[in-house]
Amino acid sequence: MTTGRSMRAGEAVLGGGLIALGGLIAVETMLTPSVGRAVVGPALFPYLISGGLVLVGLSLLREAFAGAVAHAEGLELDLWAVALVAAGLAVQFLLLDTLGWIPSTTILFAAVSRAFGGRRLVVNLAIGLALAAFTFVAFNYGLGLNLPEGSIVERLTSADAE
Amino acid sequence: MDTLAALGHGFLVALTPYNLLWSAIGVTVGTAVGVLPGIGPALTVALLLPVTYGLEPTSAFIMFAGIYYGAMYGGSTTSILLNAPGESGSIVTAIDGHAMARQGRGAQALATAAIGSFIAGTIATAALTFVAPLMVKMALLFGPAEYFALMVLALTTVTAVLGSSLARGLASLFLGLALGLVGIDMQTGQARLAFGVPELLDGIDTVVVAVGLFAVGETLYVASRHRFETEEIYALKGSKWMSREDWSRSWKPWLRGTLLGFPIGTLPAGGSEIPTFLSYLVEKRLAKKPEEFGKGAIEAVAGPEAANNASAAGVLAPLLSLGLPTSATAAIMLAAFQQYGLQPGPTLFDNNPELVWGMIASLYIGNVLLLVLNLPLVGFWVKLLLIPRPWLYAGILVFSSLGSYTLNNNVIDLVILWVIGLAGFGMRVLNVPVAPCVVGLILGPLAEQQFRRALAISQGDPSVFLTHPISAVLLIIAALLVIGPMVLRYRGNGAGKSDGASPSGSHPAT
């Protein structure tokens, strides 16, 4: 159960994050040597936007401590499910280049299914595998796109050829 | 007469079997997308962008237009039978539509929505046919200063109109603007905010941001709330036909919804939410039995659904004639134009008439196809609602990662997708609307370009924005939109706390 107080904390984090982002943009723009002699250089809009970010961040901070926040009465969140979905996506992009599209996407499918309460792991893996294999074939051979088959597979197949 | 000749030519383009096929695919996919909870038209167009690389732009846009219209039809099915609006324009429909479904009148609610959508869509497409060329004439009067002012107005309205508080809307907008800065500056070739990562030099793709916010963020949010919410689906039963009374109570709301939806859609006012709310309020005021509203009044389904579809046509007018996106879906379609190296605006009408008019003609055809898809075949779409949620959302994420990866065949895009998705989840929990972020990301760099062009022409004199009358008026309206609510709230504080819960507080996939 996420309480109203943690919703306020969340809004404060958002406000603080925007201020930090504004500061980052301003510093990075200051450090970049300007090129060109246009009337308005490439630095003006970054400064304007970083100023806007800081102002909005401050007003969110004020709202977080004194004003109306969303779901002030609290909101129930199943953070375990969120973590599982996020982990599934992270595993996919970490393993995509080595294991390839089919295995990494199968893992993603199973992780998300579990997060949504699907308990039959084998069935979920099978459906994920079928979907991953189908998209791999359809997109690589049908539409001419390049989903990775994975460096491990490539090494194995090239070893076979020798 | 020119317009009719151009439209006739457009029909010749759209009626070739090949383009007809793409139109049919578009409306079918669009309806499916509209029906499925968790996916909206903006997301679908974004995901289909990489798939259409090899396609003729005309066929691609005929398909995109079909998806857009189809999603507007399909969204009503979800809100009526599931009480979970499939997209933001169907929030109002859900109120009385779901009440009708509970009383066993779901079929009539679906019928009035489908027929109303057809009538509104056809009238509004006709209006688009004649308004778009007029807007093109207006666009010819616009210089960089006017374009800049118009974009500022669009950014402010999208922000001020959506979400529960101005600060949250602005937070989303500035986040989008900041993301838009990343990459090589279009005029000087200087890298900005790339932090030495070569993949960032091309900028952050609008598609990745849209998919991250609409698909990944939304899926994370639904996953977090899934255990605490129950869904009830109502089966269709009894007579499928609308009674004489249903017809007589529906036809006026259809026409009034159209009259509200199209003009508001053409304004930079954030798409279909406002006209649907206005239509609901108007129908309630004019109804013979206003006490039925909220308990299953057919007028409250007929009017907003018509307004919803009419506004979809309205949104296309500024997109095609000015290159100005006023909703998230339009922003993605603008990204699609950029992918093909096309710039919407007067030059598009001059150089690619077969694309513009073929697309407009395909909207008429799509409407007819959609009426067939949604009236007799509605039972089939209802079955889509039965897909188990674990597989539905897992599938959505598989296609999201597929679409983002194939943009550049790059794992970095998947990392960006992940980060944006987590941010989108945070925004969703904190009730920060996501549409301003997407519109800001695509309009920000364009606005900057026009701003710098205007100042280059005026040799650095910033007063051009106020001495040109059109630009001055647009900027004043934009300022009023931001300052006005602040003043009202300040005054309202004395009388009583303003209610923080705006009707658009919840914002499903757009």
Side-chain angles (χ1 to χ4, degrees), chain A residues 7 10-11 14 18 21 25 28-29 32 34-36 38-42 45-46 49 52-53 56-57 59-60 63 68-71 75-79 81-82 85-86 88-90 92-93 96-97 105 108-109 112-118 124 127-128 131-132 135 139 143-147, chain B residues 50-51 54 164-165 167-168 170-171 174-175 177-178 181 185 187-193 195 216 219-220 223-228 388-391 393-395 397-399 401-402 405-406 409 411 414-415 417-418 421-422 425-426 429-432 444 448 451-452 455-456 459-460 500 505:
Chain A
M7 293 303 296
E11 183 139 340
L14 177 69
L18 290 181
L21 181 65
I25 292 174
E28 175 73 13
T29 308
T32 312
S34 205
V35 295
V39 184
V40 182
F45 268 67
I49 291 170
L53 281 168
V56 174
S59 96
L60 281 177
E63 247 182 44
V69 295
H71 312 291
L75 181 72
E76 284 183 290
L77 293 175
D78 181 355
L79 291 176
V82 174
V85 174
L89 283 166
Q92 189 205 26
F93 70 67
L96 190 62
D97 277 340
T105 302
L108 168 69
F109 190 97
V112 179
S113 301
R114 182 68 194 84
F116 278 87
N124 293 341
I127 293 178
L131 183 64
T135 47
F139 281 76
L143 292 162
L145 296 172
N146 277 312
L147 294 172
Chain B
V51 181
S164 47
S165 86
R168 288 186 201 124
L170 284 173
F174 275 97
L175 214 54
L177 291 174
L181 286 175
D185 170 40
Q187 269 158 335
T188 57
Q190 179 174 325
R192 291 195 297 197
L193 300 171
F195 303 102
V216 181
T219 302
L220 288 168
S224 76
R225 299 283 306 146
H226 166 78
R227 281 205 287 139
F228 312 107
R389 291 299 172 265
W391 298 341
Y393 284 98
L397 286 196
V398 167
F399 280 100
S401 54
L402 177 95
Y405 179 83
T406 46
N409 288 327
V411 178
L414 289 183
V415 180
L417 179 75
W418 191 72
L422 287 178
F425 168 66
V429 171
L430 295 171
N431 246 347
V432 177
E448 179 182 10
F451 179 85
R452 284 158 71 175
L455 282 192
Q459 293 171 333

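Every value quoted in this text rests on a predicted model; they were computed, and no experiment measured them. Computed over heavy atoms, backbone and side chain alike; hydrogens, waters and symmetry mates excluded. We name chains A, B, ... by the order of the sequence lines, and we start the count at 1 in each one.
A:Leu96 places a side-chain heavy atom less than 4.5 Å from the side chain of B:Tyr405.
Checked by atom type, the side-chain pair B:Gln190/A:Thr32 shows no donor-acceptor distance below 3.5 Å.
Of the atoms belonging to A:Leu108, it is side-chain heavy atoms, and not backbone ones, that fall under 4.5 Å from chain B. Looking at A:Ala132, neither its backbone nor its side chain comes within 4.5 Å of chain B, counting heavy atoms on both sides. When heavy atoms are compared at a cutoff of 4.5 Å, B:Tyr393 approaches chain A by way of both its backbone and its side chain. For a residue to count as touching a neighbouring chain, one of its non-hydrogen atoms must lie under 4.5 Å from one of that chain's; by this rule B:Leu417 does not touch chain A. Both the backbone and the side chain of B:Leu397 come within contact range of chain A, each with at least one heavy atom under 4.5 Å from a heavy atom of that chain. B:Val429 touches chain A through backbone and side chain together, each having a heavy atom under 4.5 Å away.
The minimum heavy-atom distance linking B:Ala171 with A:Leu18 is given by the pair CB-CD1, 3.5 Å. A:Asp78 approaches B:Ala223 most closely through the heavy-atom pair CB-O, 4.1 Å. When all heavy atoms of B:Leu422 and A:Ala86 are compared, the pair lying nearest together is CD2-CB, 4.1 Å. Heavy-atom minimum distance, A:Phe116 versus B:Thr219: CZ-O, 3.6 Å. In plain terms, the two heavy atoms of B:Pro390 and A:Gly118 that are nearest each other are CG-N, 3.8 Å. Across all their heavy atoms, A:Pro46 and B:Leu181 have their closest contact at CA-CD1, 3.7 Å.
Salt bridge annotation for B:Arg168-A:Glu11: present, with a cationic side-chain nitrogen under 4.0 angstrom from a carboxylate oxygen.
Atoms CG and CG, on A:Leu60 and B:Leu430 in that order, are 9.0 Å from each other to the nearest 0.5 Å. Distance CG/A:Leu21 to CZ/B:Phe174: 11.5 Å, rounded to 0.5 Å. With rounding to the nearest 0.5 Å, the separation of CZ in A:Phe139 from OG1 in B:Thr406 is 7.0 Å. Atoms OG1 and CZ, on A:Thr105 and B:Phe399 in that order, are 10.5 Å from each other to the nearest 0.5 Å. The structure places CG of B:Asn409 at 7.5 Å from CG of A:Leu145, a figure rounded to the nearest 0.5 Å. One finds the CZ atom of B:Phe425 at 5.0 Å from the CG atom of A:Leu77 (value rounded to the nearest 0.5 Å).
Side-chain atoms of B:Arg192 come within 3.5 Å of backbone N or O of A:Pro42 as a donor-acceptor pair.
Here A:Leu53 is the residue among A:Thr135, A:Asp97, A:Thr29, A:Leu53 with the most heavy-atom pairs under 4.5 Å with chain B. Note on B:Leu177, B:Val398, B:Leu175, B:Val216: by heavy-atom pairs under 4.5 Å with chain A, the leading option is B:Val398. Chosen from A:Leu147, A:Ile127, A:Leu14, A:Val82, the residue pairing most often with chain B at heavy-atom distances under 4.5 Å is A:Val82. Contact tally against chain B (heavy-atom pairs below 4.5 Å) for A:Gly128, A:Ser113, A:Ala81: the top residue is A:Ser113. When A:Ala115, A:Ser59, A:Gly10 are compared by the number of non-hydrogen pairs under 4.5 Å with chain B, A:Gly10 comes out ahead.
Remark: B:Trp391 pairs with A:Asn124 by the side chain to side chain donor-acceptor pair (under 3.5 Å) rule, at least two apart or across chains.
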